[in-house]
There are 2 protein chains.
Amino acid sequence: MLSESSLAQAFTARGYKLTRPRRAVLKVVAQAGAGLSPAQIHARAKKFHPHTGLVTVYRTLDLLAECGAVRRVHGEDGCHSYAPASAGHAHHVICGQCHAVVEFEECDLAELLKTVQRRTGYKIQEHWLELFGLCPNCR
Amino acid sequence: MLSESSLAQAFTARGYKLTRPRRAVLKVVAQAGAGLSPAQIHARAKKFHPHTGLVTVYRTLDLLAECGAVRRVHGEDGCHSYAPASAGHAHHVICGQCHAVVEFEECDLAELLKTVQRRTGYKIQEHWLELFGLCPNCR
DNA sequence: GGGCTAATTGAAAACAGTTTTCAGTGTGAT
DNA sequence: ATCACACTGAAAACTGTTTTCAATTAGCCC
């Protein structure tokens, strides 16, 4: 789980100011257990700071992504969702029902990557894995 | 490689009519070695049938996706790209330079999926893997 | 605590990509 | 050749995102 204060720290460490609307977005993201769209984040952020504008949500999400605190989550239907991210390389499991997002770290793809590299001639630099299913609650 | 005639077959088998604009889109997709955006497909399709409208490109891509002949390719920067798809489950390797897309089939993820299932409590139904790197030409 | 400066904000406008609408057209069956 | 109906394309409508710009505010300095 991502704490609000650690987010705030990452923020100020980069020289960004900690304003009220940004705090509101930080709070929402820190509490989010699922991938949220900018619009959803906006709606929730307004509970903490009613004047928060959607524009600022976008801007803050950009900054958070830059800090590595948030990751863009892609789904079949589009790529309009952001989820809290722990440090380092990680992947997501996404619930098809409630859109809850959980991260997992192990990616034992070394074997597979080697094989693909050999067969396709590509030099593989990055990979991207996302799992879809049902979370314990929705089963 | 996807032949134009097999695409056409998949099309008529479903009761769709084979019109000129659709033929044009089919031709473009069959020849595509890389992921193409709807706009790019439109531009190329006009070479085969100058009157082709962008709207029809979208509609035809939907139909092709429904037939499984085309797959939506997702990238860091968005999900606006379509690539020809062979039958069955497959994944993509995408060149970061020229955006060439190659499919590969083996996904030896069974082990990994089991582990993640055990650790997260999710029932995993689908997975989605995309690799990024440099193609032989761009290396 | 009050004042200063540059970063930040939000409303509106601009923008890009996609979808809907609708009158006219072309396809494939007969 | 004729016909019904699926299909088409231009324009308009929409949705989500980005830019613009004047007003505001956080954090620093005294």
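Every chain is numbered from 1, with letters handed out A, B, ... down the list of sequences.
Shown here for B/Ala8 and B/Leu18, the closest heavy-atom pair between the two residues is CB-CD1, 3.7 Å. The minimum heavy-atom distance linking A/Pro84 with A/Glu103 is given by the pair O-OE2, 3.8 Å. Contact record, B/His74 with B/Arg72: CD2-O, 3.7 Å, taken as the closest heavy-atom pair. The two atoms that bring B/Pro136 and A/Thr120 nearest to each other are CG-O, 3.7 Å, heavy atoms only.
Between the CG atom of A/Leu129 and the CG atom of B/Leu112 there is a distance of 6.5 Å, given to the nearest 0.5 Å.
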Review item, nucleotides 13-20 of chain C N/O atoms under 3.5 Å of protein N/O:
residue	atom	partner	partner atom	Å
C/dT18	OP1	B/His80	ND1	3.2
C/dT18	OP2	B/Tyr58	OH	2.1
C/dT18	O5'	B/Tyr58	OH	3.0

- Report the C-alpha separation of B/Tyr82 and B/Gln40 in whole Å, then their side-chain angles, then the decisive distance to 0.1 Å, and conclude whether the side chain to side chain donor-acceptor pair (under 3.5 Å) test is met. CA-CA 10 Å; B/Tyr82 291 80; B/Gln40 288 174 309; over 6 Å; no
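Among residue pairs with one or both ends in residues 123-138 of chain B, those qualifying as side-chain hydrogen bond (donor to acceptor under 3.5 Å, both in side chains) are B/His89-B/His127, B/His91-B/His127; sequence neighbours excluded.
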Atom pairs and distances, side-chain donor-acceptor, residues 92-101 of chain B, under 3.5 Å, sequence neighbours left out:
none

Side chains of residues 49-57 of chain B: which donor-acceptor pairs under 3.5 Å do they make with residues two or more places apart or in other chains?
residue	atom	partner	partner atom	Å
B/Thr52	OG1	B/His49	O	2.5

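Between A/Arg23 and A/Glu4, no side-chain nitrogen of the basic residue sits less than 4.0 Å from a carboxylate oxygen of the acidic one, so the salt-bridge criterion is not met.
One interatomic measurement links the two molecules: NE2 of B/His51 to C1' of C/dG24, which rounds to 13 Å at whole-angstrom precision.
Within residues 10-28 of chain A, the residues that place at least one heavy atom under 4.0 Å from DNA chain D are, in residue-number order, A/Lys17, A/Leu18, A/Thr19, A/Arg20.
Axis angle across the helix from C/dG1-D/dC30 to C/dT30-D/dA1, with five pairs used at each end and values rounded to 10°: 40°.
Within the 4.0 angstrom heavy-atom criterion, no nucleotide atom of any strand lies near A/Ser37.
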